[in-house]
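So that the names make sense, note that chain A is the first sequence line, chain B the second, and so on, each numbered from 1.
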Amino acid sequence: MTVRTRFAPSPTGYLHVGGARTALFCWLYARKHGGTFVLRIEDTDLARSTAESINTILEGMTWLGLEYDEGPFYQTERMDRYRGVIQQLLGEGKAYHCYCSKEELDAMRAEQLARKQKPRYDGRCRDRRELPADGREPVVRFKNPLTGSVIVDDLIKGRVVFDNAELDDLIIARSDGGPTYNFTVCVDDMDMNITHVVRGDDHLNNTPRQINILQALNAPLPVYAHVPLILGTDGQRLSKRHGAVSTMQFRDEGYLPEALLNYLVRLGWSHGDKEVFSVDEMIELFDIKDVHRSAAAFDPEKLLWLNQHYIKSSDPMHIAHHLSWHMGRLGIDPTAGPDLVEVVLAQRERAKTLAEMAENSAFFYRDFDGYDEKDASKHLKPEALGPLNALREALAQAPEWTAVAMHEIVNRTAETHGLKLGKIAQPLRVAVAGRAVSPPIDVTLALVGRERTLRRLDAAIDHIERKSAVA
RNA sequence: GCUCCCUUCGUCUAGUGGCCUAGGACGCCGGCCUCUCACGCCGGUAACAGGGGUUCGAGUCCCCUAGGGAGCGCCA
């Protein structure tokens, strides 16, 4: 039997990291077993589904590289099929019309709660004969078995047993005829020949209902794997209020897709002490059975560490490609300055995100607005004038503008002035970078280039002179 | 309230009865390196939720308690 998994988000928001991880697990499982990964959009809630959500979800999947083999299928395009199956169930006596009003149901629930019972429909319309006179439209309810139990042999949670007595006759079609979630899932999983249902464990309680429906449909049962959800840093369930949970937000903040994927796969899953996994390694080593049963908290610090790890160790060309996108976001044209690959090489050990790297590299491509105040007052002082002037002169005559040549000139100037390297490198750094932080000074000069360096040195010298004149 | 799920350092986890005076990773703290910021290297801090069993022996098996989460919709 060929493995077929599906990821079935409802388009009522963006793709959050919990969903992304579920999608990753589904995808890995399919890839590992040479199976098929199906994408299905569960958009039966017309009021809350939006085309925009669908686009961000698709965009997120693409960015992460979780390509699907079939789909996306839209439930809204399968309404006729659902209606047909509902009729079939009705005809076979496996479902029935229910005319209970909202008020009636609310009263029932309130009473059950008051008696400290689990609220559930009591099945009073199961054998209803005459229709109410007001001609109201009924809903359709599924006849859940009254006795016995449902066994779920979950790949992650193990064997879980539910008593049918705990379940009730759930609504499968609304009074407007629209099918409901628990029902469409069953029809789709059946029609799409899904063999493995990998989803969030908030669905574990739905599983026995779905199994009962599937059985009423004479459909083969898929294998289930309920993955625990992701918690926020505070241990609470991750939600829209807990900050950066949107997949695309991670891209915008400068994370690499491979870093997010690596972080996500290690959340609830491990392979010994191994921390770093390429996508190929994930596919090779991942096994749904090794997924933890308990929820895991999202730790932004560790994600940051992984991101930096990939920035540091990936092919600079690859990083440059992503960096280019971030430079563009800052309004910088990466062709108007040094080769981005050189920039990556200079910056990759001092940036945890690409957004940070882009910001810290802007001065290679365009003039900065002004000096960092603290750094300027500390390093651009009158005593720096001599060295800076000497540097200006020496650099102007540099036969070639390379890091090696820069190194030579800066060191020699420091020596002739009897200064430690730091005493000369720092003023120089502030002069060309605008602040006291940058890659090694020789590399920095090489990247800034001759013209910009000399211009900025003049400006710095001018800055010091004007300041001391005022004082 | 009822049903179901979960519980090893702050966090992610290793651990499948003896190899555990509990290992790794992130973070944090200290040191080294050093032209800044970083990187790197070295060292340190820190956990089996509690209580009962079973067993020669329990983080590992069983039971109970506590705590956390989910579900109980004409939402998905």
Side-chain angles (χ1 to χ4, degrees), chain A residues 8-12 42-45 47-49 75 98 100 102 105 109 112-121 137-141 152 154 156-158 160-163 165-168 170-178 180-182 184-185 200-209 226 228-229 231 233 235-237 263 266-276 292-306 308 312 347-352 360 375 379 407 410-411 414 420-426 428-430 433 435-442 444:
Chain A
S10 64
T12 55
E42 310 215 323
D43 54 354
T44 52
D45 185 349
R48 294 198 299 155
S49 299
Q75 293 190 320
C98 167
C100 293
K102 202 144 191 112
L105 295 174
R109 266 193 282 273
Q112 287 164 333
L113 244 18
R115 270 186 287 148
K116 302 195 170 189
Q117 288 177 346
K118 184 181 192 169
R120 51 201 197 281
Y121 183 66
E137 290 301 320
V139 299
V140 177
R141 286 186 186 271
V152 183
D154 193 277
I156 294 170
K157 302 286 184 180
V160 185
V161 181
F162 296 88
D163 249 326
E166 290 295 333
L167 274 23
D168 66 356
L170 76 160
I171 292 173
I172 57 175
R174 298 185 258 259
S175 46
D176 66 2
T180 59
Y181 168 73
N182 278 112
T184 55
V185 166
D201 74 359
D202 46 338
H203 289 288
L204 184 56
N205 285 297
N206 286 327
T207 307
R209 299 172 179 286
H226 286 95
L229 29 71
L231 271 22
T233 322
Q236 293 300 109
R237 185 179 182 176
Y263 179 72
R266 276 287 286 106
L267 217 48
W269 175 79
S270 61
H271 184 77
D273 286 337
K274 193 169 166 61
E275 294 285 351
V276 178
H292 247 237
R293 306 149 92 99
S294 56
F298 191 91
D299 181 6
E301 292 296 333
K302 190 157 185 181
L303 204 213
L304 220 36
W305 170 76
L306 265 172
Q308 184 173 35
K312 271 185 318 204
Q347 296 281 39
R348 63 178 180 176
E349 285 173 354
R350 60 203 92 235
K352 287 181 190 291
N360 291 343
D375 292 342
H379 298 292
H407 187 82
V410 174
N411 275 295
K420 288 182 68 177
L421 192 52
K423 286 289 173 191
I424 197 165
Q426 283 307 80
L428 179 55
R429 177 172 275 117
V430 176
R435 59 190 193 120
V437 174
S438 87
I441 194 64
D442 48 357
T444 299

Check the phosphate of [N] against [X], side-chain N and O only, distance under 4.0 Å to OP1 or OP2. Yes or no?
| X | N | result |
| --- | --- | --- |
| A/Thr44 | B/A76 | yes |
| A/Arg109 | B/G73 | yes |
| A/Arg120 | B/C72 | no |

* Structure fact -> By nearest-nucleotide position on RNA chain B, the 5'-leaning member of A/Gly422 and A/Thr184 is A/Gly422
* 5'-most contact on RNA chain B: A/Arg209 or A/Lys312, nearest heavy atom basis? ->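 The residue mapped nearer the 5' terminus is A/Lys312.
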Whole-Å distance separating the [atom1] atom of [X] from the [atom2] atom of [N]:
| X | N | atom1 | atom2 | value |
| --- | --- | --- | --- | --- |
| A/Leu113 | B/G73 | CG | C1' | 13 Å |
| A/Arg48 | B/C74 | CZ | C1' | 14 Å |
| A/Arg293 | B/G15 | CZ | P | 14 Å |
| A/Lys274 | B/C26 | NZ | C1' | 17 Å |

Give the nucleotide from the list [options] with an atom nearest to the side chain of [X].
| X | options | answer |
| --- | --- | --- |
| A/Glu166 | B/U7, B/C74, B/C2 | B/C2 |
| A/Asn206 | B/G1, B/A76, B/C12 | B/A76 |
| A/Asp45 | B/C35, B/A76, B/G69 | B/A76 |
| A/Arg141 | B/U3, B/C74, B/A76 | B/C74 |
| A/Asn205 | B/C12, B/A70, B/U36 | B/A70 |
| A/Lys118 | B/C5, B/C12, B/G1 | B/G1 |
| A/Trp305 | B/C6, B/C26, B/A76 | B/C26 |
| A/His292 | B/C35, B/G69, B/A14 | B/A14 |
| A/Leu421 | B/U36, B/A76, B/C35 | B/C35 |
| A/Asp299 | B/C6, B/C74, B/G10 | B/G10 |

Identity of whatever pairs with [N] - Watson-Crick or G-U, under 3.5 angstrom:
| N | result |
| --- | --- |
| B/G59 | none |
| B/U16 | none |
| B/C41 | B/G31 |
| B/A25 | B/U11 |

Where the side chain of [X] meets the backbone of [Y], is there a donor-acceptor pair that is under 3.5 Å apart?
| X | Y | answer |
| --- | --- | --- |
| A/Lys157 | A/Arg293 | yes |
| A/Lys302 | A/Leu304 | no |
| A/Ser270 | A/Arg266 | no |
| A/Asp168 | A/Tyr121 | yes |

* Closest heavy-atom pair and its distance - A/Ile171, A/Thr180 -> O-OG1, 2.7 Å
* Heavy-atom pair of closest approach, residues A/Thr444 and A/Pro439 -> OG1-O, 2.7 Å
Within the structure shown, what part of the strands sits under 4.0 Å from [X] by heavy-atom distance: base, sugar-phosphate, or nothing?
| X | answer |
| --- | --- |
| A/Glu275 | base |
| A/Ala436 | base |
| A/Gly200 | nothing |
| A/Pro228 | nothing |
| A/Val139 | base |
| A/Ser270 | sugar-phosphate |
| A/Ile441 | base |
| A/Lys116 | sugar-phosphate |

* Asked: Just wondering, are more than 12 heavy atoms of other shown residues or ligands nearer than 6.0 Å to NZ in A/Lys312?
  -> yes
* Record whether the side chain of A/Arg429 comes under 3.5 Å of the base of B/C35 through a donor-acceptor pair of N or O atoms. => yes
* State whether the distance check finds a donor on one side and an acceptor on the other, under 3.5 Å, for side chain A/Asp202 versus base B/G71. => no
* To do: Between B/C28 and B/U7, how far apart are the C1' atoms? Round to whole Å, please.
  => 25 Å
